[in-house]
Q: 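Structure in structure tokens, see below.
Labels below follow one simple rule: chain letters A, B, ... track the order of the sequence lines, proteins then strands, and each chain is numbered from 1.
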Number of protein chains: 2
Amino acid sequence: MTPALISAQTPGNVYSYRVEVQGVGRKRLQEPDGRPTVHTVAARAGVSIASASRVLNGVGGSPETVRKVRAAAAEVGYVPNAIARSLQSQRTELVALAVEDIGNPVYVAMMRAIEAVVAESGRQLLVHATGGRIDNETALLRRLAHRYVDGMIISPIRVTAEHLTALADSPVPVVVIGQLAEDAPMDNVRTDSRLGIALAVDHLVATGRRRIGFVNGPLDTVPGAARDAGFRAALARHGIPLDENLVEVGDFQYAAGREATERLLARAEPDALVCANDLIAVGALHTLLALGRRVPTDVALVGMDDTELARMMFPQLSSVSLGSAERGRKAAELLLQRIDDPALPPRRAQVAPSLVVRASSGTPVPAQPIREEVTS
Amino acid sequence: MTPALISAQTPGNVYSYRVEVQGVGRKRLQEPDGRPTVHTVAARAGVSIASASRVLNGVGGSPETVRKVRAAAAEVGYVPNAIARSLQSQRTELVALAVEDIGNPVYVAMMRAIEAVVAESGRQLLVHATGGRIDNETALLRRLAHRYVDGMIISPIRVTAEHLTALADSPVPVVVIGQLAEDAPMDNVRTDSRLGIALAVDHLVATGRRRIGFVNGPLDTVPGAARDAGFRAALARHGIPLDENLVEVGDFQYAAGREATERLLARAEPDALVCANDLIAVGALHTLLALGRRVPTDVALVGMDDTELARMMFPQLSSVSLGSAERGRKAAELLLQRIDDPALPPRRAQVAPSLVVRASSGTPVPAQPIREEVTS
DNA sequence: TTGTAGGCGTTATCAG
DNA sequence: CTGATAACGCCTACAA
């Protein structure tokens, strides 16, 4: 542990001091007490660490040197230490993703898309679940100052002043997925869930539904507020008066969707239900079926996010796609670009929503040949 | 970029060389070109970096020194660099988890449990999705040599010789979740899915089912093989002859479960179906309902893993719990212990399966009051 | 091409 | 308690 660097000038094998200190020529070379380093390789090849490093990185080196170093590296099983490399390069090749709920399939889809882009660039993805708690998210943002990652993608469902300041003085690039103020000077990927809800309402109205209910998430979240506004605006546009009995709020989870729908059905009789996300929609479906409603015959159902879950249900759920994979991909690209060039101006990407119609709001066919289902 | 360390001996402020080099007294202190370091803080406080470091780490320092350093650190907004710290401490405070499919809720549950333990210890979790591909997994294992994480938890569904050797010469601790050879000298957390399948079969037999089908995952996977063996053994134990027409194989995904069930129903008429995991079970449920079978009246259904998904379905699915959260928690504990003490002998933890009976194999009540459902 | 000599930011050791 | 200094493992001017 105290490899005094005496004998660095020792004639003979000039670079052998490490080996000398270790006291054993061959054996210890494999495991001084840890793993072989550039020094180990250099000593073994009989060259300087500079030469060893160069060869290992594929820059320069005479054929002979290259041969010797490669051989030595192979013999001792040299693997570069990522930490040391990071200290030198000032980057960890790690990118973080912070989402509210890692169990929500919409984030799984987003994560997969991000992972693909990130891995493609040779980096790795670090995933954080924030539980949607502000303190958690800002703490995460602040931790970026430690520089343990090269950048972060965050998808907050609430955006506070704290977020903004933490975002502003982050030493590493951050891309936000979600609605941000128009003038926020940061990379941002967004969609328009307000429009998404409109798509759902339009479809239901077009297929003859009039008593359209809405099961939303918390109104004090960005998506919750947008979807509420979207729902009200869409009904108004169709000249359908809003019955507050047909609107319920919970959080963005399955259980909440189930319970909220239960409350709603206790006081009103909708002929259609729009849900603020698929988790809620699945909960709603459960309640509807449990209470003996036929879907879509009695009640048509439309979810949002178009997750795998929507296709797994019976009947399969119609759902508004907010392009989660696309948003993830785009966010990852923006982030990588900014990591490569921090001087870039703030950019903004927008992904348009689209409606995917499936059995839950389509032709009422309770039991049908599987082929129909598969291709639906 | 070439902060020649002249003036280190300059009289006056001895530790000011960095500041000197930066050329500006105050302004640049906040951002030499990156962030403030211990040097910045030390210079500003007028003490040595050693003292600064000590105070920053809460070890030693006279009240006066502590005050000055704290003040300086606060003024410049000092945050320790995680990478440099890692190089020194030889640990990253990062732990990796490698699972096949991050979209499978069973892994989400496992991940959450692991995350809780890992976060509790002040570390962070890095998640890898392997897609179950061997090359992918061994590459991951080999990458551990870079020491970018302090340890890894891996849950392979296939275990090859490559895995074993990669596992054996990993320089950092690895805990395997899954079945390993009895004598494999490594930390291992397992369950007994063979017994789990037996639980399911016993239950179905006890409730009067006789034509019990089985939809499994690939037989060349460890869990696939175990579950197949378990199914056959259980039937035999009950003296029920096995009808191969009642056995189907796909992979461990929803779509495969759906298709496999379709094939099975095309040639046989089971009165119960055991599925090798919940994803398959959900697919099976879809096919059953689509083909007009009533669940559980016509066909009882039992899944495995007891994921959130099972509770989301209508009817809710009975499922064999393999204690995924528990296994995750246990694995994380074993890993952290080993990181703290690499000399520990290999340990093995076992989590027992249990059956959770729900509507899909219970009393046939297609539509019932929601309350019943909620508490089921 | 090759080797010398830092330096990345921290912590730890060892004299004063 | 404090400061000088050596690591941690790697990369890279710069000089030879």
Q: Quick check: on DNA chain C, is the nucleotide nearest B:N81 upstream (toward 5') of the one nearest B:R54, or the reverse? Name the residue that is more 5'.
A: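 Closest to the 5' end, via its nearest nucleotide, is B:N81.
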Q: Does B:L167 offer a backbone N or O that forms a donor-acceptor pair with the side chain of B:S170 under 3.5 Å?
A: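 No; zero donor-acceptor contacts below 3.5 Å.
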Q: Less than 4.5 Å apart, any side-chain heavy atom of A:L344 and any of A:Q337?
A: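 Answer yes - side chains close enough.
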Q: Under 4.0 Å: is that the gap between some side-chain N or O of A:S53 and OP1 or OP2 of D:dC11?
A: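 For A:S53, the contact criterion (side-chain N or O under 4.0 Å from OP1 or OP2 of D:dC11) is met.
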Q: Closest-nucleotide mapping onto DNA chain D: is B:L87 or B:A50 further toward the 5' terminus? I mean the 5' end.
A: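 Of the two residues, B:A50 wins.
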Q: Strictly distance-based, threshold 3.5 Å: is any side-chain N or O of A:D187 a donor or acceptor partner for the main-chain N or O of A:P346?
A: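 No.
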Q: In residues 55-66 of chain A, what residues come within less than 4.0 Å of DNA chain C, judged by heavy atoms?
A: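 When residues 55-66 of chain A is checked for heavy atoms under 4.0 Å from DNA chain C, the hits, listed by number, are A:G61, A:S62, A:T65.
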Q: Check the phosphate of D:dC11 against A:Q90, side-chain N and O only, distance under 4.0 Å to OP1 or OP2. Yes or no?
A: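 No, outside the criterion.
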Q: If you measure only the distance, is there a donor-acceptor pair under 3.5 Å linking the side chains of B:N136 and B:T130?
A: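 No.
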Q: B:R85 CZ to C:dA12 C1': how many Å, rounded?
A: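 So the CZ-C1' distance, B:R85 to C:dA12, works out to 14 Å.
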Q: Select one nucleotide: of D:dA4, C:dT10, C:dG3, the one nearest the side-chain heavy atoms of B:S48.
A: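 Comparing D:dA4, C:dT10, C:dG3 against the side chain of B:S48, the answer is D:dA4.
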Q: A:H146 NE2 to C:dC8 C1': how many Å, rounded?
A: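 One finds 18 Å between C1' of C:dC8 and NE2 of A:H146, rounded.
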Q: Could you tell me whether the side chain of A:M110 reaches within less than 4.5 Å of the side chain of A:R327, counting heavy atoms only?
A: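 When only atoms from C-beta onward are counted, A:M110 and A:R327 do touch, with a gap below 4.5 Å.
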Q: Side-chain N or O of B:Y78 versus OP1/OP2 of C:dT10: is the shortest distance under 4.0 Å?
A: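 So the side-chain polar atoms of B:Y78 do come within 4.0 Å of the phosphate oxygens OP1 or OP2 of C:dT10, strictly under.
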Q: Base, sugar-phosphate, or nothing for A:Q88, non-hydrogen atoms under 4.0 angstrom?
A: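 The answer is base, as A:Q88 lies within the cut-off (heavy atoms under 4.0 Å) of a base atom.
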Q: Kindly indicate whether the side chain of A:V127, heavy atoms from C-beta on, has any atom under 4.5 Å from the side chain of A:M111.
A: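 In contact.
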Q: Can you tell me which stems DNA chain D forms when a stem means 3 or more consecutive Watson-Crick or G-U pairs under 3.5 Å?
A: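 For DNA chain D the paired stretches long enough to count as stems (3 pairs minimum) are C:1-16 with D:1-16.
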Q: I need the CZ-C1' distance between B:R91 and C:dT10, as an integer number of Å.
A: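 That distance rounds to 15 Å.
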Q: From C-beta outward on A:V47, which listed nucleotide comes closest to its side chain: D:dT2, C:dG3, C:dT10?
A: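 Of the options given, the side chain of A:V47 lies nearest C:dG3.
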Q: Nearest whole angstrom, please: distance from the P of D:dA4 to the NE2 of B:H39.
A: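 In whole Å, D:dA4 P and B:H39 NE2 are 11 Å from each other.
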Q: In whole angstroms, how far is the P atom of D:dC10 from the CZ atom of A:R35?
A: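 To the nearest whole Å, that distance equals 11 Å.
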Q: Can you find a heavy atom in the side chain of A:Q124 that is under 4.5 Å from one in the side chain of B:H128?
A: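 Yes, side chains in contact.
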Q: Are B:E115 and B:R112 within salt-bridge range, i.e. N to O under 4.0 Å?
A: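 No.
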Q: Rounded to whole Å, please give me the gap between CD1 in B:I49 and C1' in C:dT13.
A: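 Checked: the CD1 to C1' distance equals 13 Å.
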Q: Give a yes or no on whether A:R91 atom CZ has more than 12 heavy-atom contacts from other residues, nucleotides or ligands under 6.0 Å away.
A: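 Above 12, so yes.
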